[in-house]
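Here is the naming used below: chain letters follow the sequence lines, and residue numbers restart at 1 for every chain.
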Amino acid sequence: MKAFSFERASSAQAAAARAAEVQGAKFIAGGTNLVDLMKLGIEAPEHLIDVSGLGLDRIEETDEGGLRIGAMVSNTALSADVRIRRDYPVLTRAIAAGASGQLRNKATTGGNLLQRTRCPYFYDTAQACSKRVPGSGCSALTEGAFSRQLGVIGTSDACIATHPSDMAVAMRVLDATIETVTPTGMTRRIPLEEFHLLPGDTPEKETALMPGELITAVTLPAPVGGIQRYHKVRDRASYAFALVSVALIRQPDGSGRVALGGVAPRPWRLAAADAELPNGARAVMARLLDGARPTEETQFKITLAERTLAALLLEE
Amino acid sequence: MPPPIEFELRRRTLLAGTAAVAAASVARLAHAQEQAGSAASAQQQSDIALTVNGTEHRITVDNRTTLLDVLREDLHLTGTKKGCDHGQCGACTCSVNGERINSCLSLAVLHDGDDVTTIEGRGAPGQLDPMQAAFVSHDAFQCGYCTPGQIQSAHAVIGEIRAGIPSHVTSDLTAVIELTEAEIRERMSGNICRCGAYSNILAAITEVAEDQA
Ligand SMILES: Cc1cc2nc3c(=O)[nH]c(=O)nc-3n(C[C@H](O)[C@H](O)[C@H](O)COP(=O)(O)OP(=O)(O)OC[C@H]3O[C@@H](n4cnc5c(N)ncnc54)[C@H](O)[C@@H]3O)c2cc1C
Ligand code: SF4
């Protein structure tokens, strides 16, 4: 690991200002993704700014009847909050389906949204990967590459990685918005749907955040009710990343919302696909995965996504 | 018979995907070399205070040092184990301010003022705590390497269920969570046991949970 200097931020705005001004600076929250990547030499910050002591660890009610989740609320605390369990159960389900008890105690709301892909070639510094080293190429798209964990839609010729978060898939189906503070002290609100960028020709650009910008909170609109489900399909029963996951909110009249994890560079949801819910899983997936470009190894995800949704629609 | 090459490759890549194990050993080497080669400048060190098993320690750490390495290398509390060093195996699990964490993925500088309990703080030969004793009486280990982490998680799992923290297998999110085998298994999934002592680990935890009920 490369040596780095360290400071504790005194306020959210000061943290953002420092991050923009100090060369090679990065925030650290729970550290469960960043420290891992630093050990592997994939991330090499020269300066770390600890943002864990800024009081951003509360969940408050908003004037609109929703919740404002501080960026430093741990995954455990968020999943266990009585308001989340009662009014946004899909979020509790998604968080509890991710990582392990130990990791969820440390993982934060902001850090979870910013965790990086689990593409095996991104993790192996001996392999070409344009996300890790811009312009170096994509090992996952070479002949005979292993792509089982990778994406089928929203991907590009430059990168087929997925965003690995479970939490984000539930937040997407709940129409969450991200709140930030910029280095100049401005507050920004970014809808989650616009937060993670599609790779295009620049897979190294992953989010809409500007340099130094700090996530301060995630807001959820007022509860929408309905039956809320999160189903994660993975290679073992617990403690593995999703091959496919489905977040579903279904209203008594059959309308609702669907978001997918494990298939795209961001939680994958389309209004036109939501509108097909009364017509069943096949109709939804025909829209949602229209234009999918699976590899031979990820072809199964198309079928798996449809069947997972179909199974959820049968549950009542 | 060795597995067909394709199978072996797939297995390794899967490991890399979920675990990054192969890269990890290389990175550890590089890490050791870097640390040996360059004495960190003052800017790259920090003074921290840590309370471990009730004793306060004031130490200067290289900012790169993980909590796990401080416990083992600086405080010589080698009960907490280094397994994968990437948060995947759970051998490094210890309790910080009452919550279990992977000490390998947590930088020591982020723990200034924290209260840490390691396996040494749970009990000692002759005065085992109930969970340690139950692990012994149920043969809940073979080689024993994962055991300190298993015991730390075992304590935490009972506490997390009592505190009403839901898990992946909790059926009703608004009801009191029951202490079932399924709950314990799911919540212990962050602690891998290569000897496969899982069923005996489950028996040990169940016994302690029932005794405390
Ligand atoms: C073995 C293992 C298994 C896992 N399994 C799953 C799984 O199944 N599902 C899943 O969803 N996740 C899984 N995870 C990932 C885990 O959820 C993330 O590591 C965690 O959520 C990251 O949060 P953190 O606070 O530790 O982030 P950190 O590591 O502290 O930070 C991550 C990144 O976010 C930046 N950052 C942090 N906070 C802010 C902020 N407020 N504003 C701006 N930038 C910020 C940091 O600079 C860094 O770049 C797993 C992790 C491991 C190690
Ligand atoms: S899919 Fe993306 S992350 Fe994976 S090797 Fe290709 S460029 Fe890198």
Side-chain angles (χ1 to χ4, degrees), chain A residues 1-6 8 28 30-36 38-42 47-48 50 52 74 76-77 79-80 82 84-86 89 92-93 95-106 118-121 123-126 145-146 148-150 232 234-241, chain B residues 9-10 13-18 20 22-24 26-28 30-31 34-35 38 40-41 43-44 46 62-64 66 85-88 90 93 96 99-102 104-107 109-110 112 152-153 156-157 160 163-170 173-174 185-192:
Chain A
M1 198 188 294
K2 291 272 184 289
F4 56 87
S5 49
F6 175 84
R8 278 179 200 93
I28 184 161
T32 59
N33 190 225
L34 186 57
V35 174
D36 193 10
M38 285 165 66
K39 287 184 180 188
L40 296 168
I42 297 165
H47 184 71
L48 281 187
D50 174 13
S52 62
S74 75
T76 301
S79 72
V82 287
I84 300 287
R85 286 156 70 173
R86 186 188 59 217
T92 291
R93 291 290 180 203
I95 293 171
S100 66
Q102 293 93 311
L103 288 162
R104 292 191 298 268
N105 281 343
K106 270 271 127 194
R118 293 277 161 170
C119 170
Y121 302 102
Y123 262 76
D124 182 348
T125 49
F146 300 102
R148 182 174 164 78
Q149 297 285 339
L150 304 179
K232 178 176 181 180
R234 42 188 158 175
D235 278 326
R236 54 185 180 205
S238 183
Y239 199 23
F241 286 95
Chain B
L9 272 177
R10 275 169 195 268
T13 312
L14 261 181
L15 273 174
T18 59
V26 176
R28 261 201 296 279
H31 173 64
E34 267 169 37
Q35 287 210 323
S38 68
S41 76
Q43 241 203 339
Q44 291 155 355
S46 302
D62 182 311
N63 292 337
R64 292 172 285 192
T66 59
D85 211 22
H86 286 272
Q88 293 152 4
T93 305
V96 175
E99 287 185 346
R100 60 171 164 155
I101 68 164
N102 300 94
C104 77
L105 283 189
S106 208
L107 296 174
V109 277
L110 291 167
D112 187 30
Q152 294 287 7
S153 266
V157 160
E160 287 163 14
I165 295 166
S167 83
H168 179 56
V169 300
T170 306
L173 292 185
T174 53
R185 276 179 193 278
E186 161 61 24
R187 290 166 194 267
M188 291 298 293
S189 70
N191 291 80
I192 312 290

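Side-chain N or O atoms of A:Y239 include none that pairs as donor or acceptor with a backbone N or O of B:M188 at under 3.5 Å. A:N105 places a side-chain N or O within donor-acceptor distance of the main-chain N or O of B:R100, the cut-off being under 3.5 Å. Looking at A:K39, its side chain does come within 3.5 Å of a backbone N or O of B:D85 through a donor-acceptor pair.
Contact annotation for B:T93: only side-chain heavy atoms (C-beta onward) come within less than 4.5 Å of a heavy atom of chain A. If you measure heavy-atom distances from A:I28 to chain B, the contacts under 4.5 Å come from the side chain alone. Only the side chain of A:L48 comes within less than 4.5 Å of a heavy atom in chain B; its backbone stays farther off. Contacts of B:E160 with chain A are made by side-chain atoms alone, with heavy-atom separations under 4.5 Å and no backbone atom involved. Proximity to chain B (any heavy atom under 4.5 Å) is restricted, for A:A237, to the backbone atoms N, CA, C and O.
The heavy-atom pair separating A:A96 from B:S167 by the smallest distance is CB-C, 3.7 Å. The two atoms that bring B:P166 and A:T92 nearest to each other are CG-CG2, 3.7 Å, heavy atoms only. A pairwise comparison of heavy atoms in B:T174 and A:R86 identifies CG2-CA, 4.4 Å as the closest pair.
The CG atom of B:N63 sits 10.5 Å away from atom CE of A:M1, with the distance rounded to the nearest 0.5 Å. The distance from the OG1 atom of A:T32 to the CG atom of B:N102 is 8.5 Å, given to the nearest 0.5 Å. The structure places OG of A:S79 at 13.0 Å from NE2 of B:H168, a figure rounded to the nearest 0.5 Å. Put simply, CZ on A:F4 and CG on B:L107 are 5.0 Å apart, with the number rounded to the nearest 0.5 Å. The line from CG of A:L103 to CG of B:L105 is 6.5 Å long, rounded to the nearest 0.5 Å. Taking CG of B:N191 as the reference point, atom CD of A:Q102 lies at 4.5 Å (rounded to 0.5 Å).
Residue A:R85 places its CZ atom among more than 12 non-hydrogen atoms of other residues, nucleotides or ligands, all under 6.0 Å distant.
Counting heavy-atom pairs under 4.5 Å between each of A:R93, A:M38, A:K232 and chain B puts A:R93 at the top. Of the listed residues (B:A156, B:C104, B:A163), the greatest number of heavy-atom pairs within a distance under 4.5 Å of chain A belongs to B:C104.
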* **Check against side-chain contact (heavy atoms from CB on, under 4.5 Å), A:K106 and B:V96** => CA-CA 10 Å; A:K106 270 271 127 194; B:V96 175; over 6 Å; no

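Remark: the B:Q43 side chain and the A:S5 side chain contain no N/O donor-acceptor pair separated by less than 3.5 Å.
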